[in-house]
S.K.: 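Got a structure here, written out as structure tokens. Questions coming.
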Amino acid sequence: MSTEYSPPLREQLFLLEHLNRWDELFSLAIFRHADAEVAKDVLTAGAEFARGVLAPLNAAGDEHGCRLENGRVVTAPGFKAAWSEFAAGGWPGLDMPQKFGGQDLPLSVQVAFAEMVNGACVSFGMMPIMLRAGGRLLLDHAEPALVERIVPRLVSGEWGATICITEPQAGSDVGRLRTTAVPRADGSYGLSGTKIFISYGDHDLTDQVIHFVLARPPGAPAGTQGISLFAVPARRFDDGSNNGVSVSRLEKKMGLKASPTCVFNLDQAVGWRIGPEFEGLRCMFTMVNLMRLEVAIQGVALAQAATDRAWAYAGERLQGGRPDQAPTPIRAHADVQRMLMIMQARTRAMRALVFQTAHWLDLARAAPAEEQRLRARHMAEILLPVCKTCGAETAFEVASLAVQVFGGHGYIRDAGVEQYVRDSRVASIYEGTSGIQALDLLTRKVLKDDAARFRRLLETMRADVQWHRATPALATLASALEDAIASVERCTTELRGRAATQPRAVEWAATDYLQLIGLVAGAWMWLRMAAASGSGSAEDRERRRLAGFYMQWLLPQAAVHQARIALGGACELAEFD
Ligand SMILES: Cc1cc2nc3c(=O)[nH]c(=O)nc-3n(C[C@H](O)[C@H](O)[C@H](O)COP(=O)(O)OP(=O)(O)OC[C@H]3O[C@@H](n4cnc5c(N)ncnc54)[C@H](O)[C@@H]3O)c2cc1C
């Protein structure tokens, strides 16, 4: 039974070359110093690093976990050495500015690398994202002195970073956070409070950790309007002594066991404000949005790793067939085929969507014309909650199917697939639960204002339908997508009609609405992937077959979502009225 990790480099390169058009991307001014060949070499080396250095840590890290010793977190064996190698290789800063030691490559290249890191060892993958997202946060919102001091050390991997939002009484309801930030005479602040569930809140991979903390200055208004954002070093910059930050607990978790999840206390910890007073949450969204994209690719990574294991096992495991003949590999059974095809079709659709969203984020930053940048930003904004939620759910559901393909052996730890179920479960919870993402998509990005983002999404999908319907081999796929887009439009019109008078019905519909958009966006990606595949190679033929399977087998689920959206909360139990 193969337990090796095989990075999905070929499929990634296909997407980057044909769907994301990286030749066009590398013609943009900020990426012109590199080209597709450079990016390909980087990803090839990244694949080798993920396979050779990170994958061997995965099962051992899960078994060993982290431990709290004298108030300090000790990570699983091998993590520290792997981090040193990761930092020395320049991996933390692929898409960070060259000026600060990074490589200024597109985010879409970074996302491809992140898939390989997370597919090899997701607990390790939790660490670097916060350095990059925290670095971007500083670049976008902090004073130059703070940027100069911190960003180069995050880019080099010399320092770690965390995102500190959650408190015991403030989970999804961030506005209830109580950590205080009292101004000090020198312009800094003294922060006090308790933060919970902080990933890599302490560890032994780096000597310094910068905590990005949301807190409330004295006299702040209640709710999210009274929150500011601070950079708080774990150890003082001047003498390296403890800065009033202490870990009081290391959580025991269902999965992600080698990623330390900490409760920590701030006791007059010295921090510096990032961005204007009371605009902390708005600024923090630079970090949150990058992390949501990362969670989406985490999902793809785990789904692909689980699919690969299941595919290999299904070719080796012999069961069934005529009793007078040798048993057949289970891969030959229709029901096993069904599971494997669902896994492939869903995972690859999600990868294409996440890569495409990263591409729009690149264009939102780098496209030459204002209108191009705005369009790309709108596309990324509407698709980000869809990527995050559907990426997370794809991972869990695909990992669960992988266990099913393995049968009883999948339930036993040695096979290594049950770890994917446990590791992926949290992705629907952190960085905004699926329920909160669904409300964000529907109420803020679709029903609010003139729904410009939503209209752009539909226009873009319809343009592809128009373009491809004339090609005979694609006409059926295009027509299935066209019907599904019409269904999205009908649901949206219906919800818009109810928004003012039946807000509860709209809330009931939100999750199905997000899942409907995710399903249809997946169909759109398959149309594009089929269009970019000839019919010559086996890979091309497989893509076209999976595209047809997605449209015929998975897309009909759109009708179920539509029916539930129409129902709203009509079946709600009387006690909740
Ligand atoms: C392993 C792990 C790592 C984490 N890492 C970090 C980290 O590094 N930094 C950090 O700050 N936090 C971190 N978190 C915290 C995580 O972001 C929160 O758990 C998450 O935001 C949800 O908050 P909660 O757990 O309090 O759930 P709650 O907010 O209590 O939600 C419980 C349920 O109620 C639903 N719900 C809540 N409010 C509403 C509403 N208004 N409308 C509809 N439904 C609602 C939710 O969708 C959910 O299903 C981590 C959590 C875990 C488990």
S.K.: Any side-chain donor-acceptor pair under 3.5 Å between Thr194 and Asn265?
M.R.: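 On atom types as modelled, these side chains qualify, holding a pair under 3.5 Å.
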
S.K.: Would you indicate whether Asp35, at its atom CG, is surrounded by more than 12 heavy atoms from other residues, nucleotides or ligands within a distance under 6.0 Å?
M.R.: yes

S.K.: Does any N or O in the side chain of Trp22 come within less than 3.5 Å of the main-chain N or O of Pro106, such that one atom is a donor and the other an acceptor?
M.R.: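 Checking the backbone N and O of Pro106 against the side chain of Trp22, no donor-acceptor pair under 3.5 Å is found.
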
S.K.: Any ion pair linking Arg346 and Glu397 (charged N to carboxylate O, less than 4.0 Å)?
M.R.: yes

S.K.: Are side-chain heavy atoms of Arg216 and Thr179 found at a separation under 4.5 Å?
M.R.: no

S.K.: For Phe26 and Ala39, work out which heavy atoms get closest and say how close.
M.R.: CZ-CB, 3.8 Å

S.K.: Please answer whether the main-chain N or O of Asn20 pairs with a side-chain N or O of His359 as donor and acceptor at a distance below 3.5 Å.
M.R.: yes

S.K.: From Leu384 CG over to Lys445 NZ, what is the distance, rounded to the nearest 0.5 angstrom?
M.R.: 6.5 Å

S.K.: In sequence, state the C-alpha distance, the side-chain angles, and the governing distance for Arg348 and Glu11, and then conclude on salt bridge (Lys or Arg N to Asp or Glu O under 4.0 Å).
M.R.: CA-CA 9 Å; Arg348 290 165 73 168; Glu11 187 62 12; 3.2 Å; yes

S.K.: Flag yes if more than 12 heavy atoms outside Arg176 fall under 6.0 Å of its CZ atom; otherwise flag no.
M.R.: no

S.K.: Check whether any side-chain heavy atom of Met127 sits under 4.5 Å from a side-chain heavy atom of Leu131, and report yes or no.
M.R.: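 Yes, at least one pair of side-chain atoms sits under 4.5 Å.
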
S.K.: Applying side chain to side chain donor-acceptor pair (under 3.5 Å) to Gln12 and Glu115, what does each step give before you reach the verdict?
M.R.: CA-CA 9 Å; Gln12 291 187 336; Glu115 180 187 349; 3.0 Å; yes

S.K.: Using atom types as modelled and distance alone, determine if a side-chain donor or acceptor of Ser424 lies under 3.5 Å from a backbone N or O of Val421.
M.R.: yes

S.K.: Go through the steps to decide whether Arg425 and Asp423 satisfy the test salt bridge (Lys or Arg N to Asp or Glu O under 4.0 Å), and finish with yes or no.
M.R.: CA-CA 6 Å; Arg425 186 61 188 88; Asp423 282 353; over 6 Å; no

S.K.: Ignoring hydrogens and geometry, is there a side-chain-to-backbone donor-acceptor pair from Gln437 to Gly432 under 3.5 Å?
M.R.: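 Yes, Gln437 side chain to Gly432 backbone: donor-acceptor pair under 3.5 Å.
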
S.K.: Does the side chain of Thr206 come under 3.5 Å of the side chain of Glu158 through a donor N or O and an acceptor N or O?
M.R.: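 No, Glu158 and Thr206 have no side-chain donor paired with an acceptor closer than 3.5 Å.
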
S.K.: Less than 6.0 angstrom from the centroid, inside 45 degrees of the normal: does Arg149 satisfy that with respect to the ring of Phe237?
M.R.: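 Geometry flag: set, cation within 6.0 Å and 45°.
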
S.K.: Do the side chains of Phe355 and Ser108 get nearer than 4.5 Å, heavy atoms only?
M.R.: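 No, too far: nothing below the 4.5 Å cut-off.
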
S.K.: Apply salt bridge (Lys or Arg N to Asp or Glu O under 4.0 Å) to the pair Arg413 and Glu63, showing each step before the final yes or no.
M.R.: CA-CA 10 Å; Arg413 292 192 72 166; Glu63 197 64 43; 3.8 Å; yes

S.K.: Where the side chain of Ser228 meets the backbone of Phe278, is there a donor-acceptor pair that is under 3.5 Å apart?
M.R.: yes

S.K.: Could you label the plane-to-plane angle of the Phe86 and Trp91 rings as parallel, tilted or perpendicular, counting under 30° as parallel and over 60° as perpendicular?
M.R.: tilted

S.K.: How many angstroms lie between atom OG1 of Thr224 and atom CG of Leu281, to the nearest 0.5 angstrom?
M.R.: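 The distance works out to 6.0 Å.
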
S.K.: Does the distance from a Lys or Arg side-chain N to an Asp or Glu carboxylate O, for Arg10 and Glu539, drop under 4.0 Å?
M.R.: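 Yes.
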
S.K.: Could you walk me through whether Gln419 and Asn58 pass side chain to side chain donor-acceptor pair (under 3.5 Å), step by step?
M.R.: CA-CA 9 Å; Gln419 188 187 338; Asn58 196 39; 3.2 Å; yes

S.K.: Going through the distances and angles, do Ser199 and Met130 end up as a side chain to side chain contact (heavy atoms under 4.5 Å, CB included)?
M.R.: CA-CA 9 Å; Ser199 300; Met130 290 179 289; 4.1 Å; yes

S.K.: Would Ile30 and Asp104 count as a side chain to side chain contact (heavy atoms under 4.5 Å, CB included) here? Give the steps.
M.R.: CA-CA 8 Å; Ile30 64 170; Asp104 254 330; 5.8 Å; no

S.K.: Let me confirm one number: the OG1-CD distance from Thr357 to Glu381, rounded to the nearest 0.5 Å.
M.R.: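 Answer for the OG1-CD pair, Thr357 versus Glu381, is 12.0 Å.
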
S.K.: Is it the case that the side chain of Asn118 and the backbone of Ala114 share a donor-acceptor pair, with hydrogens and angles ignored and the cut-off at 3.5 Å?
M.R.: yes

S.K.: Considering non-hydrogen atoms only, spot the tightest contact between Leu146 and Ala231 and give its length.
M.R.: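 Nearest heavy atoms, Leu146 then Ala231: CD2-CB, 4.2 Å.
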
S.K.: Does a side-chain N-to-carboxylate-O contact under 4.0 Å join Asp202 and Arg72?
M.R.: yes

S.K.: Indicate yes or no: at least one non-hydrogen side-chain atom of His211 is less than 4.5 angstrom from one of Phe230.
M.R.: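 With C-beta onward as the side chain, the pair stays apart.
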
S.K.: Are Thr180 and Leu191 packed together at the side-chain level, in the sense that at least one heavy-atom pair is separated by less than 4.5 angstrom?
M.R.: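 Thr180 does not reach Leu191 side chain to side chain.
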
S.K.: Can you establish whether the number of heavy atoms outside Arg184 located under 6.0 Å from its atom CZ is more than 12?
M.R.: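 Counting neighbours around CZ of Arg184, more than 12 heavy atoms of other residues, nucleotides or ligands fall under 6.0 Å, so yes.
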
S.K.: Quick one: closest heavy-atom pair of Thr75 and His203, and the distance?
M.R.: CG2-CB, 3.9 Å

S.K.: Above 12 or not: heavy atoms from other molecules or residues under 6.0 Å from CD of Gln169?
M.R.: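 Buried by this count: over 12 neighbours within 6.0 Å.
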
S.K.: Can you tell me how far apart OG (Ser123) and CG (Leu256) are? Round to the nearest 0.5 Å.
M.R.: 4.5 Å

S.K.: Hey, does Arg67 have a side-chain heavy atom less than 4.5 Å from the side chain of His64?
M.R.: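 The answer is yes, as the side chains (C-beta and beyond) meet within the 4.5 Å cut-off.
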
S.K.: For atom CG of Asp239, decide whether the heavy atoms of other residues, nucleotides or ligands shown that lie under 6.0 angstrom number more than 12.
M.R.: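 Enclosed: over 12 neighbouring heavy atoms sit under 6.0 Å from CG of Asp239.
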
S.K.: Are Arg153 and Gln208 close enough that a side-chain donor and a side-chain acceptor fall under 3.5 Å?
M.R.: no

S.K.: Between Phe264 and Val245, which heavy-atom pair has the shortest distance, and what is it?
M.R.: CD1-CG1, 3.9 Å

S.K.: When rounded to the nearest 0.5 angstrom, what distance separates CD1 in Ile210 from OG1 in Thr162?
M.R.: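 Output value for this atom pair is 9.0 Å.
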
S.K.: When you look at Arg235 and Asp207, which way does the salt bridge (Lys or Arg N to Asp or Glu O under 4.0 Å) test go after all the steps?
M.R.: CA-CA 8 Å; Arg235 274 156 278 290; Asp207 293 334; over 6 Å; no

S.K.: What is the minimum heavy-atom distance between Gly46 and Met116, and which atoms define it?
M.R.: C-CE, 4.2 Å

S.K.: Compare all side-chain heavy atoms of Val270 with those of Pro233 and state whether any distance is below 4.5 angstrom.
M.R.: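 No - every pair of side-chain heavy atoms lies 4.5 Å or more apart.
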
S.K.: Identify the two heavy atoms, one from Gly226 and one from Pro217, that lie closest to each other, and give their separation to 0.1 Å.
M.R.: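 Shortest heavy-atom contact: O-CD, 3.5 Å.
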
S.K.: Decide side chain to side chain contact (heavy atoms under 4.5 Å, CB included) for Cys262 and Leu68; before the verdict, give the C-alpha distance in whole Å, the side-chain angles of both, and the deciding distance to 0.1 Å.
M.R.: CA-CA 10 Å; Cys262 304; Leu68 193 60; over 6 Å; no

S.K.: Could you measure the distance from the CZ atom of Arg292 to the CD atom of Glu431? Nearest 0.5 Å is fine.
M.R.: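 It is 6.5 Å, given to the nearest 0.5 Å.
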
S.K.: Tell me if a side-chain donor or acceptor on Arg178 pairs with a main-chain N or O of Gly193 at a distance below 3.5 Å.
M.R.: no

S.K.: Between Arg309 and Ala415 (side chain of the first, backbone of the second, donor and acceptor by atom type, cut-off under 3.5 Å), is there such a pair?
M.R.: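 Indeed, once roles are kept as given, a pair shorter than 3.5 Å links the two residues.
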
S.K.: Quickly, which of Glu251, Lys253, Arg249 forms a side chain to side chain donor-acceptor pair (under 3.5 Å) with Thr261? Name it, please.
M.R.: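 Exactly one candidate clears the test, Lys253.
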
S.K.: With no hydrogens and no angle check, is any side-chain donor or acceptor of Lys388 less than 3.5 Å from a backbone partner on Ala427?
M.R.: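 Pair found, side chain donor or acceptor close to backbone of Ala427.
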
S.K.: Apply side chain to side chain contact (heavy atoms under 4.5 Å, CB included) to residues Leu25 and Leu363 and explain how you reach the verdict.
M.R.: CA-CA 8 Å; Leu25 201 58; Leu363 292 180; 4.0 Å; yes

S.K.: In the structure I gave you, are the side-chain heavy atoms of Gln110 and Leu105 within less than 4.5 Å of one another anywhere?
M.R.: no

